[in-house]
Structure formats: structure tokens, C-alpha cells
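Report on one structure; see the data block that follows.
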2 protein chains.
Amino acid sequence: MSVKADPATGNLADRMARDIQAGVFAPGMWLKQVDLETRYEAKRMEVRRALDQLALKRLVRHVPNRGYHVHVPDDRQAEEVREVRLILETAAAGSIVANATAADIAALRVLAQRFADLILEGTLLDLYEANIAFHAKLLALGSNRELINILWELRGRGPSAPVTQWKTRARIEQSSREHFHMVEAIAAGDAGALRRLTADHILQTEERPPAHEQDGA
Amino acid sequence: MSVKADPATGNLADRMARDIQAGVFAPGMWLKQVDLETRYEAKRMEVRRALDQLALKRLVRHVPNRGYHVHVPDDRQAEEVREVRLILETAAAGSIVANATAADIAALRVLAQRFADLILEGTLLDLYEANIAFHAKLLALGSNRELINILWELRGRGPSAPVTQWKTRARIEQSSREHFHMVEAIAAGDAGALRRLTADHILQTEERPPAHEQDGA
DNA sequence: GGTATAGAAATTGGCGCCAAAATTGGTTAC
DNA sequence: GTAACCAATTTTGGCGCCAATTTCTATACC
């Protein structure tokens, strides 16, 4: 696919963020400004600005006089990010269920299906994009925009999905099943089930038999 | 007061952020680069970089070819920020209580007392600093650093305390009392009480009679 | 043969200058 | 007297150049 000619500064940081998340740049890799210039067809200053923004978001680390390299989250940080995501996504579950219209649910089913289809036919990058699309649509249903923003930002801080999360085909397929289960929970108006499924999805715990007990918090 | 000669770039953004929060720059005010240059004794480029960082943190807004102005959070956003803070700070309460040593509690008492003393003797800015110090020490007890970072950043996004939160002397005194109550809850090892007090502190609800029922989530 | 050192190439990062755009103030026409 | 228009000043923002620092390479010495 061709690189779109969209040289907006803010957009460059986003594009680079996506590429980092998608695993185009390996963790720890040094990002040389000249390379980025040619790769994104951007001016030197835009590259520098984008790198500063990414450094502020902790996606890259800045070492004075050495440059910027892709940040490698240690285990502790990864675990902490998961914990915060767990807190916030479960907190958002209520309003997601409350706000979802029939059209929203249909759209989510389409996105979940697209992800499922791409397991066989698509590349890992396609899969990554489809996953992002599903979760974007899902989160957009929440009523608290600040919460959504933070979650979106937080998603970038964890380890990139293709590299560490989707290690095995089985794991990807489980993710896909979880997507469908989440949609069904929303369709059923069952916020508690959505919370439970979201927690499993983030923590990547093994699939449970359908539980009926009400465990709050 | 003299401006310290600390021209670290990242630090400049923080100093400006503090000044915005403290109300030095009125909401909506245009921040002219030359003024900032002289005020902070910084180079033009540092100012620009700091402004970009603040724009990314949503503390200022950037209008192309017009400049940067202090962001005015609308009511909806302010409410949403409060909601997220509520979720996260109550979530942190558990580990705060668990981690607090006797020395920590003593330190918190000192900081709460300093705030109380400054109600009479200090300026509004002193009060602001003391409040920050208390909450910094409090949050630092949490074990999840990511959560602490987000909360700290979130604090900047809400309306500045002196301008909108501490409207009346009575309100400030209630805040001070709540500080002490929070310390006592920690000393007693009562996470539930700390959660409740934190919620009240953020929402600025009226003081309740000491409740005993267990209301989770 | 391996290591240390010096020189060369490359990379980052800062500074100043200048053009484009906007605001201000004054002047003129209606 | 008011409104519109035009000129002058101010302000932002981009571009290119160059210095400081680091990394790579080749040579010499142990």
C-alpha cells in the first residue's frame, strides 16, 4: 500500500505510533531522523516534533545526543498498564451497554467478523488494524470521552500486540471468540458479563465455562 | 520571587503547567511566545517545545497562525475528568492503605497540618502548593506507578483549583478537614473509608455523618 | 593477532534569519 | 458618526546552516 500524502504534523506522530505498535519498528531500535524523513516524506522539523510527542507519550525514549529509540516496557510497567486498563475498561462497560443501539451492535458484529476472517486470509498487520477498528468502535460507545482518550493512549503504552500478545494462532482465535462474546453481552444488555469478558480479554486468562455468579469489583 | 535558572526543556513545560493551574495565566488568555521568553528567561525554541507539550496534554490549545491560548475546560469535560479521577483514585485507595508506613502517615499529617495553617497565614498560591504537596505524597503511596502518572496528569486537566474549586473559605476548610480524615482512615487501615472520603473530596459533596454501611462500586 | 588510538564520517540538536499571516491603528469615504 | 478599507507593526512558524557529540574505520603498536 502507498503512503498517503498527509503531512499534517500531528498526524505524523500518530502514523509513527501505529507503526511502532504494529511492530514495524522493533522494540529498542534506534529511530534515525534521516530514515524517518525519507520513510514518511516529511521535513526534518516535523520528524523532530513527532518524536518529541512520542517521547512524551512514552512510546519512544530520548537519550540526549544519541537520539530516540523505541521504548521497551518492562514487565512491571506492562502489568501496571494492564491493571489500569482493567479498571477503566470495566468502568466503561456500563455506559457502553447503555448507549449501544441496534445499529452499533450490528456494526460491532461486522467488525468482529472481519477480524475473524482475517485470521485465515490476512497478514498480521491486517489483523492488527481490524482489532484496532473493533476496539475503537467499542470504546466509542462509552459516554465519557476523557476516559476513552486515556484508554486509547494507554493501549499504545503496553507491549505491541503482534509481538507479544498474539504469540500463537490459538491465542488469536480466542481473542476473536471473545470479541463475539462481548458483542453478545452488549446485545443482551448484560453489563456484568461485558465487564467479565473485558477483564478476561485484557488479562488473557483462559476461557471460563459460562459463569452465573455475580462477582462485583 | 526570583525565577530559578533551570533551563531544562521538560522542566519549562512543567513550570508553565504549574503557573496555568495556579491561575497565573487566566483561562482563555493568549500566550505570546515573546512574553514567555522573557518571563521564563528561555530561548525561543524551548518555549515552542513546551507549548507543544502543553498542547498535547490539552492544557493549552493551538490555533495555527494564531498561537496558543490557555484551554478552558467546558462543564462536560470537567465532569468527565472528575469521573475518571473518581474511578482511579478510589481504585488506588487499597494499595495506599496497604503500603503506608508509620513514617508515611506522620509525613501526611505534617502536610495536612501545613495546608490547614496556610488557610489563615498563606496566600492562595501557597495553599495551592501545599495541597499539591499533600496529594503528591498521598498518591506516591500507591503501588501502581502508571496509575499515579495518569492521575497526576489528569489533575492538570480539570479546572484550576484556586479559580473554581476553592470559591469560599468554608470550602477550603472542608478540604482541609477531609485531608485529616483521609490520613486517619489510612492510619486505621480502613480502605473503604479512604475510598469514601476520596470520593467526597473529588466530588466536593457535603460532609456526611460517619457512615457504616458497605457500599461497593 | 588483538587492542588502543586517532582521524573521518555521520548524527543530533540549537540558533538565527526571514517569509507568511494576523492584529492593530489610522484614514477615508459614505 | 459609522463603517470599511488599507498600511504598518507584531507575531508566528519554517528552513537551512553549523557546531558539538558520538560512532565507525583504519592504522599503528604491543
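So you know, we letter chains A, B, ... as the sequences are listed, proteins then strands, and number each from 1.
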Distance check, rounded to the nearest 0.5 Å: [X] atom [atom1] versus [Y] atom [atom2]?
X: B/R196; Y: B/T90; atom1: CZ; atom2: OG1; answer: 12.5 Å
X: B/L36; Y: B/D19; atom1: CG; atom2: CG; answer: 10.0 Å
X: B/R171; Y: B/Q204; atom1: CZ; atom2: CD; answer: 3.5 Å
X: B/W166; Y: B/I119; atom1: CH2; atom2: CD1; answer: 9.0 Å

Q: Just compare D/dG13, D/dT21, C/dA22 and give me whichever is closest to any side-chain atom of B/R66.
A: C/dA22

Q: Consider the side chain of A/R44, meaning its heavy atoms from C-beta on, and name the nucleotide among C/dG13, C/dC15, D/dG13 that approaches it most closely.
A: C/dG13

Rounding to an integer number of Å, can you tell me how far [X] [atom1] sits from [N] [atom2]?
X: A/E46; N: D/dC15; atom1: CD; atom2: C1'; result: 12 Å
X: B/R49; N: C/dT12; atom1: CZ; atom2: C1'; result: 11 Å
X: B/N65; N: C/dC18; atom1: CG; atom2: C1'; result: 15 Å

Q. A/R48 or B/P64: which one's nearest nucleotide on DNA chain D is closer to the 5' end?
A. B/P64

Q) Between B/R49 and B/E46, is there a salt bridge with N-O shorter than 4.0 Å? A) no

Q.
Check this one for me: any side-chain N or O of A/H62 less than 4.0 Å away from OP1 or OP2 of C/dG13?
A. yes

Q) Which of residues 29-38 of chain B sit near DNA chain C, with a heavy atom under 4.0 Å from it? A) none

N/O donor-acceptor pairs under 3.5 Å from side chains in residues 64-71 of chain A, not counting sequence neighbours:
from, atom 1, to, atom 2, distance (Å)
A/Y68, OH, A/D52, OD1, 2.9
A/H71, NE2, A/Q77, OE1, 3.2

